[in-house]
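Take a look at the structure set out below.
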Amino acid sequence: MISRYPWGMTDPQLVLIERVQQALATAFGPEYAGSDPLIRPSQFADYQANVALSLAKRLRRAPREVAQAIADAIDVGDVFDSVETSGPGFLNITLSDDWIAAQAVRTLDDPRSGVGLTTPPRTVIVDYSAPNAAKEMHVGHLRTTIVGDSLVRMLEHLGNRAIRQNHLGDWGTPFGMLIEHLLDIGEANAIARLEAGEGSEYYQQARVKFDSDADFKERSRRRVGTLQAEDPETIRLWHLFMDATIRYYNKVYATLGVTLTDSDIAGESMYNPMLAETCADLEASGVAVMSEGALCVFPPGFKGSDDKPLPLIIRKSDGAYGYATTDLAAIRYRVRDIKADRILYVVGADQALHFQMVFAAARQAGWLTDDVDAEHIQIGMMLGSDGRRFRTRAGQSVKLTDLLDEAVERASASIAERDYDEATRSEIARTVGMGAVKYADLSVSHDSEYIFDFDRMLAFTGNTGPYMQYATARIRSIFRKGGVDPATVTGPILLGEPAERDLALQLLGFGRVVEHAATTAEPHRLCAYLFETASAFTTFYEKCPVLRDDVDPATRASRLALCALSLRVLQTGLNLLGVPVPDRM
RNA sequence: GCGCCCUUAGCUCAGUGGAUAGAGCAUCGGACUUCUAAUCCGACGGUCGCAGGUUCGAAUCCUGCAGGGCGCACCA
């Protein structure tokens, strides 16, 4: 991925890489210009370059000697304050204050705050949320939805063509049962209940009848047939069911501030007309073969018990299609018709084997080629405080809206002392509650199982949403008190105090982190950066008064500039995470 | 049996082959006449599951083992 920086590169690491590579070429010859200088943050300087250690063997020279040769060859210019060899062959690099200050001003002048643009833009499909209308909607959907939405926001911000795909579970055998249940309880009643978010109960009641009532079971079976045959009345009923369900999903998405809309829905039903052709293609090419009455792909390398090849069943022995078929049809469609360069499947970690096999089968079929990346972004399970699957005390799965309501309620309690009017208070509570839940989901690596804990996520200290929001609220408060519009602030920036220098240097790394988080599909990296930034700001806030009378005008202007840039980086970063930010707290 | 994800401070989690492994919480001790103390500063706290291997250098890569979670022929 190549990035363009319309306002110039502000990231110190990129500048360092360039300079050290030049030095390598000067010192050892042009063939060394491409070596990775191994720039890392350092506890002994601003950065360290570790390249001397790795090159020593190739150059047949002592590492310290190599390091010294690089240090001698490096173009210090006005960028570095010092470049020193240290330890077994490290290069400790300290940036000059003036350069950091100048770069901070450039970043402030840059409407993109140092975030580059991907050139050329890539077409990236993000498959996320995907609630299943025929199953309980549980808290597990929270993470896939929130992580996916954040990935889309980051990819778009970097200039990519990001395509949201909500792969709704809206088709299959359970829908016979769900439609019959709809008829039993009455259309209007069913719609009302589904819109109110009682889909789980609805499903469970249908399930109970299906298991206990032979007549209902038979009706359901017939209904699956008429649904597959696209009988108009059955399709009408199916739409009633799905539309009501989607209206409920949209309410949840609106509450969460998720960017998914109806036009992003690409559910299983959409692929239904493609399934027969998908199977025919696979069979014709010899990728799929019949086995025990089912049409299967046996991707190489997948073994089940007894070392037998593991099948991916794409047409069951009764002729019906499964989700493997849908996923294969979807890959084909996404690569061939949408022309995706990258497809991200933000789906639970329990589907790892399934996606490995689907990807392997798609490669066998030639649908997935080397120029397309298909990645399963594994989402770890949400656990209760007992370390087991997240449930209510009664052992039921937790309804998403109940969880969100409780978050807002608890946030409301924590600001009860504040002197705000009712409307402001409830808006802050909503923002803080939602931000806390979303940030908690995003701040741990997506594949790790994570223990859900209201007290921890709503804390105003630590790597939490409220802490981040509070930092922005304090910055806004300064501008409010000072009667200054942050958008009008300009440099120059002066770095007198260490806290000012630390903050400025920290702020220069924003673009790199956004790009890294998007490339690796790891929003938690952005969270970690924003937490460091918020921490650097609060340290600055404690140490460096801005508006106080004894602060001279030049220092005040400089500090206002640092505040403005901090605000923008935090605000933009939180927006990329989808975490809402209140004006005041 | 096979596959995937894990195992890091009392707890919850970061950690890009680099120096003395980091945060937050908890505990203890400090800082409000101050732009929001919902904060900040400091201290305490580690056989990075175990054993080998590769490497100048391993929490990180490889192999094996132990422990945990989740999947694995007709639900999606």
Side-chain angles (χ1 to χ4, degrees), chain A residues 38-44 48 50 53-54 56-57 62-63 86-90 92 130 132 134-135 169 171-174 268 291-296 301-308 310-318 320 322-324 326-327 348-357 376 378 380-381 383 385 387-389 414-415 417-418 432 443-445 447-451 453 455-456 459-464 466-467 469-471 473-482 516 520 524-525 527-528 531-532 535 538-539 541-548 551 559 563 584-585:
Chain A
L38 301 172
I39 307 295
R40 302 283 184 268
S42 175
Q43 52 187 316
F44 302 102
Q48 61 186 59
N50 301 333
L53 290 155
S54 62
K57 186 165 257 186
S86 169
F90 300 107
N92 288 345
N132 192 334
K135 278 189 178 174
W171 201 255
T173 45
E268 293 172 336
S291 169
E292 295 180 27
L295 185 62
C296 304
F302 293 90
K303 300 272 170 72
S305 48
D306 306 334
D307 247 18
K308 282 200 301 192
L310 200 59
L312 190 66
I313 295 172
I314 58 171
R315 194 178 62 221
K316 297 185 274 184
S317 49
D318 65 359
Y323 78 142
T326 311
D327 278 332
D350 55 355
Q351 299 295 321
L353 183 59
H354 168 71
F355 279 112
Q356 271 188 33
M357 294 184 73
H376 177 201
Q378 304 192 20
M381 248 202 316
L383 306 175
S385 54
R388 308 182 71 91
R389 202 185 284 265
S414 72
I415 57 166
E417 310 280 297
R418 292 275 166 177
V432 170
S443 60
V444 293
S445 21
D447 58 345
S448 75
E449 296 179 335
Y450 109 88
I451 296 184
D453 182 342
D455 291 333
R456 211 173 49 238
F460 286 86
T461 56
N463 191 9
T464 67
Y467 178 80
Q469 293 170 324
Y470 182 54
R474 288 171 116 185
I475 302 173
R476 281 187 214 277
S477 176
I478 291 175
F479 285 109
R480 234 182 345 253
K481 278 248 160 64
H516 191 212
T520 58
H524 79 277
R525 292 184 182 280
C527 292
F531 176 54
E532 284 167 16
S535 301
T538 47
T539 300
Y541 182 89
E542 299 283 334
K543 295 254 165 65
C544 306
V546 180
L547 300 175
R548 218 166 60 184
V551 178
R559 288 178 178 173
C563 287
R584 61 187 81 207
M585 282 173 75

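All chains are named by letter (A, B, ...) in the order of the sequence lines, taking the proteins before the strands, and each is independently numbered beginning at 1. Just so you know, these numbers come straight off a predicted model, no measurement behind them.
- Note on A:Ser448: a side-chain N or O is less than 4.0 Å away from OP1 or OP2 of B:A14.
- Across B:C35, B:A76, B:C4, the shortest atom-to-atom separation from the side chain of A:Pro545 is found for B:C35.
- Among the nucleotides B:A14, B:G15, B:G24, the one closest to any side-chain atom of A:Thr461 is B:G24.
- Mapped onto RNA chain B by nearest heavy atom, A:Gln378 and A:Asn92 fall at different nucleotides, with A:Gln378 at the one closer to the 5' end.
- Taking only side-chain nitrogens and oxygens, A:His524 comes nearer than 4.0 Å to OP1 or OP2 of B:G15.
- Pairing for B:A9 is absent, with no Watson-Crick or G-U wobble pair whose two atom distances lie under 3.5 Å.
- In a base pair of the Watson-Crick type (N1 to N3 plus N6-O4 or O6-N4) or a G-U wobble (N1-O2 and O6-N3), with each distance short of 3.5 Å, B:A37 is matched with no nucleotide.
- A distance cut-off of 5.5 Å between ring centres, combined with a plane angle under 30°, places A:Phe90 in a stacking arrangement with the base of B:A19.
- A sub-4.0 Å separation between OP1 or OP2 of B:A31 and a side-chain N or O of A:Lys543 is absent.
- Among the nucleotides B:C6, B:A14, B:G18, the one closest to any side-chain atom of A:Ser54 is B:G18.
- Taking 4.0 angstrom as the limit, A:Lys308 places none of its side-chain polar atoms (N or O) nearer than this to OP1 or OP2 of B:C72.
- Taking atom P in both B:G42 and B:A23, one finds a spacing of 9 Å when rounded to whole Å.
- Ring pair A:His376/A:Phe355 is tilted by interplanar angle, where 30° to 60° counts as tilted.
- For B:A37, one of the phosphate oxygens OP1 or OP2 lies less than 4.0 angstrom from a side-chain nitrogen or oxygen of A:Arg474.
- Nucleic acid contact class of A:Ser445 (heavy atoms, under 4.0 Å, all strands): sugar-phosphate only.
- For A:Ile313, whose side chain is taken as the heavy atoms from C-beta onward, the closest listed nucleotide among B:C35, B:G69, B:C74 is B:C74.
- Listed nucleotides B:A76, B:C70, B:U39 differ in distance to A:Met381; the shortest reach to its side chain belongs to B:C70.
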